[in-house]
*Asks:* 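There's a structure below that I have some questions on.
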Amino acid sequence: MDDQSLTNGHLSDPSSNSLSVHSHGNGDGNNENKLRNGSPDSFCDLHVRPSMPLFGMDIGGTLTKLVYFEPDHFDDFDQEERETLKTIQRYLIGSTAYGTTGIRDVHLEMTNQNICGREGKIHFIRFPTSQMPAFIDLAKYKKFSGLASGICATGGGAYMFEDVFASEVHLQLHKYDELDSLVKGIHYIDRYTLKSECYYFSNPLDPDNCEKMPFDFQDPYPYLVVNIGSGVSILSVRSKYQYSRVSGTSLGGGTFLGLCCLLTGCDTFEEAIELASRGDSKNIDKLVRDIYGGDYSKFGLKGDAVACSFGQMMSKEKRKCAKKEDLARATLVTLTNNIGSIARMCAKTEKIERVVFVGNFLRVNTISMKLLAFAMEYWSNGLLKALFLEHEHISHILEVDNIGCFIKDEKYAWDVWAEAGRDSQPYRHTTADAWARVLEEEGQDGTGVTVWQRHQN
Ligand SMILES: Nc1ncnc2c1ncn2[C@@H]1O[C@H](COP(=O)(O)OP(=O)(O)OP(=O)(O)O)[C@@H](O)[C@H]1O
Ligand SMILES: CC(C)(CO)[C@@H](O)C(=O)NCCC(=O)O
């Protein structure tokens with residue numbers, strides 16, 4: 001359905017996302033991003049106050065995701081910061097709903113996290129990006145800028161709202177690439193041992209025995225990531241530090257929601273999914289048997305496979321009696337199957353067997369997850385495995401991971417950054433030579449490493 005995106009991987013220029021550690025040779029435009037840890041250029045310009053140490057944002061095309069790392073204690077903050085933090089925390093943790101559209105997903109909370117040497121809990125908050133003006137007012141009112149000069153942000157909105165944050169909230173958005181963030185977020189989960197994060201559906205072809213099962217994600221390479229947000233990005237991940245965006249499609253979660261609202265008059269994603277859960281897409285789609293009267297055996301197409309999505313709607317009579325539940329279900333199935341089919345082709349081209357589906361389109365959406373599990377298994381004769389994550393919007397986590405770059409003390413900053421960004425090994429390197437050795441140990445090109453220096457306060 002989206003041929004162009006199958007052939008054109010839209011790769012971000014690796015050199016455009018300026019990071020603290022640069023290993024020369026990454027910006028060779030060879031369709032591959034080497035994931036590097038570090039901070040943006042603006043790190044060099046920090047002065048007076050460091051960046052907001054406990055927050056990160058992912059400002060997407062539909063939803064803005066905010067993470068808050070609640071430290072177990074505030075001992076290492078000064079009095080003024082402590083007061084501001086407590087005010088913000090009272091507001092954030094004191095409630096699970098903010099205004100009419102902001103939500104804290106309590107079930108996603110991650111306890112016993114160690115971020116940059118601090119123990120604490122990670123909270124996940126989301127609100128529609130369309131509500132950004134209200135969030136900006138709130139950030140002004142709660143004096144976010146009293147705590148820091150900047151905040152780490154990813155997603156397209158980190159670029160779009162950069163100026164307004166600077167002028168209105170007096171916060172600099174330290175920008176991170178959204179796909180770098182996504183891959184780092186996924187890799188963060190192997191440190192989250194309290195609960196199994198990754199899962200799959202056993203027996204996806206047998207609805208009565210199809211069950212959610214934990215999947216050991218300790219050694220996952222290579223794998224494909226299909227990030228279903230407003231649109232869809234597909235990445236091939238070869239190692240912890242190497243990935244490429246192999247494809248994408250504009251027919252994504254935003255398309256489902258937009259079309260569903262148009263066709264059924266619903267207003268929210270939850271409503272759309274609820275309608276779909278009660279609908280039957282067979283009343284809307286044309287199946288192979290509606291065309292063949294049974295299977296099309298020569299090419300292995302079963303009679304109950306969809307031959308033509310929305311094909312019944314060619315008939316005026318059928319349109320008249322189409323129920324909104326059926327329309328919602330057909331929209332969901334159409335979008336999901338199309339994404340599944342593009343994912344399958346990418347997996348084949350990339351010679352990859354594990355496909356991790358993420359993105360908020362999958363939130364409260366077991367229908368699509370089971371459909372994807374079915375499609376991967378059925379159409380690949382059991383070769384491909386569809387995997388899912390409890391934190392389906394995993395990319396937020398990155399920003400917390402980068403907190404190390406922005407804490408106050410220069411020496412400590414480098415240490416915790418190294419710790420946070422480089423597995424859990426306690427590296428103690430602050431020079432370019434030392435970083436070059438670290439990169440080489442990890443099998444990366446360590447030549448020509450430069451280390452950005454932050455201005456002394
Ligand atoms: N409460 C919600 N409101 C709106 N959409 C929702 C909601 N919950 C789930 N969704 C679905 O999730 C999609 C957005 O997913 P996600 O937050 O991963 O993407 P995004 O970051 O906004 O988009 P992109 O990455 O393309 O910029 C929506 O298009 C919709 O299909
Ligand atoms: C533009 C982004 C990356 C924004 O997150 C996403 O919505 C997307 O991957 N859209 C699909 C674009 C395409 O490849 O056709």
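Note that the structure is a prediction, hence the values are computed from the model and not measured. In each ligand, atom 1 is the first atom listed, and ligand 1 is the first ligand listed. All residue numbers refer to positions in the sequence shown, counting from 1.
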*Asks:* Enter the distance from D285:CG to F310:CZ here, rounded to the nearest 0.5 Å.
*Replies:*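 D285 CG to F310 CZ: 6.5 Å, rounded to 0.5 Å.
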*Asks:* Starting at OH of Y200, measure out to CZ of F388 and round the result to the nearest 0.5 Å.
*Replies:* 12.5 Å
*Asks:* Which ligand 2 atoms does G248 reach within 4.0 Å, using its non-hydrogen atoms?
*Replies:* 13 (C), 14 (O)
*Asks:* Pairs of donor and acceptor atoms involving the side chains of residues 261-277, under 3.5 Å and at least two apart or interchain, shall be tabulated with distances.
*Replies:*
unit_1 : atom_1 : unit_2 : atom_2 : d
T264   : OG1    : C260   : O      : 2.7
T264   : OG1    : C266   : N      : 3.1
T268   : OG1    : E271   : N      : 3.0
E270   : OE2    : R363   : NH2    : 2.2
E271   : OE1    : D267   : N      : 3.1
E274   : OE1    : R278   : NH2    : 2.9
E274   : OE2    : R278   : NE     : 2.8
S277   : OG     : E274   : O      : 2.6

*Asks:* Is the backbone N or O of D206 less than 3.5 Å from a side-chain atom of N203, with the two atoms forming a donor-acceptor pair by type?
*Replies:* no
*Asks:* Within ligand 1, which atoms have a heavy atom of G253 less than 4.0 Å away?
*Replies:* 29 (O), 30 (C), 31 (O)
*Asks:* Does K175 qualify as a cation-pi partner of Y159, given the criterion of NZ or CZ under 6.0 Å from the six-membered ring centre and within 45 degrees of its axis?
*Replies:*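 Pair K175/Y159 counts as cation-pi.
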*Asks:* Has ligand 2 got any nitrogen or oxygen that is less than 3.5 angstrom from a nitrogen or oxygen of E178?
*Replies:* yes
*Asks:* Is the Y199 ring parallel, tilted or perpendicular to the F201 ring (thresholds 30°, 60°)?
*Replies:*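 Taking F201 first and then Y199, their aromatic rings stand perpendicular (interplane angle over 60°).
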*Asks:* Examine the proximity of ligand 2 to N227 and report which part, side chain or backbone, both or neither, has a heavy atom under 4.0 Å away.
*Replies:*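 Contact part for N227 vs ligand 2: neither.
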*Asks:* Can you list the ligand 1 atoms lying under 4.0 Å from a non-hydrogen atom of E270?
*Replies:* 1 (N)
*Asks:* Using a 4.0 Å cutoff against the non-hydrogen atoms of L257, which atoms of ligand 1 qualify?
*Replies:*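 Matching atoms, with element in brackets: 4 (C), 5 (N).
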*Asks:* Would you check the N or O atoms of D58, main chain and side chain alike, for any that come under 3.5 Å of an N or O of ligand 1?
*Replies:*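 Between D58 and ligand 1 (N or O atoms, distance only) the closest approach is not under 3.5 Å.
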*Asks:* Under 4.0 Å from any heavy atom of E178, which atoms of ligand 1 are there?
*Replies:*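 Taking each heavy atom of E178 in turn, ligand 1 has 25 (O) under 4.0 Å.
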*Asks:* Which option, G60, G254, G231, S230, owns the non-hydrogen atom nearest atom 10 (N) of ligand 2?
*Replies:*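 It is G231 whose heavy atom sits nearest to atom 10 (N) of ligand 2.
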*Asks:* Which atoms of ligand 1 sit under 4.0 Å from any heavy atom of G231?
*Replies:*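 Contacts of ligand 1 toward G231, numbered from 1: 26 (O).
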*Asks:* Can you name the atoms of ligand 1, numbered from 1 with element, that are less than 4.0 Å from a heavy atom of K65?
*Replies:*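 Matching atoms, with element in brackets: 16 (P), 17 (O), 19 (O), 20 (P), 21 (O), 22 (O).
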*Asks:* With a cutoff of 4.0 Å, is P128 in contact with ligand 1, counting heavy atoms of the residue only?
*Replies:* no
*Asks:* Taking only heavy atoms of G359 into account, list the atoms of ligand 1 that are under 4.0 Å away from them.
*Replies:* 18 (O)
*Asks:* Could you tell me whether L63 approaches ligand 1 through its side chain, its backbone, both or neither, with non-hydrogen atoms closer than 4.0 Å?
*Replies:* both
*Asks:* Using a 3.5 Å cut-off on N or O atoms only, is S247 in polar contact with ligand 2?
*Replies:*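 No, no N or O pair falls under 3.5 Å.
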*Asks:* Taking 4.0 angstrom as the limit and counting only heavy atoms of G254, give me the atoms of ligand 1 inside it, by number and element.
*Replies:*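 Listed by number with element: 29 (O).
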*Asks:* Please confirm whether the backbone N or O of L108 pairs with a side-chain atom of H391, one donor and one acceptor, at under 3.5 Å?
*Replies:* yes
*Asks:* Backbone N or O of S95 within a donor-acceptor pair of the Y98 side chain at under 3.5 Å?
*Replies:*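 Yes.
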*Asks:* Go through the structure and list residues passing side chain to side chain contact (heavy atoms under 4.5 Å, CB included) with E119, not counting sequence neighbours.
*Replies:* D72, N114
*Asks:* Enter the distance from H187:NE2 to Y221:OH here, rounded to the nearest 0.5 Å.
*Replies:*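 H187 atom NE2 to Y221 atom OH measures 3.5 Å (nearest 0.5 Å).
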*Asks:* May I ask you to check if ligand 1 and N227 share an N or O to N or O distance below 3.5 Å?
*Replies:*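 There is no such contact.
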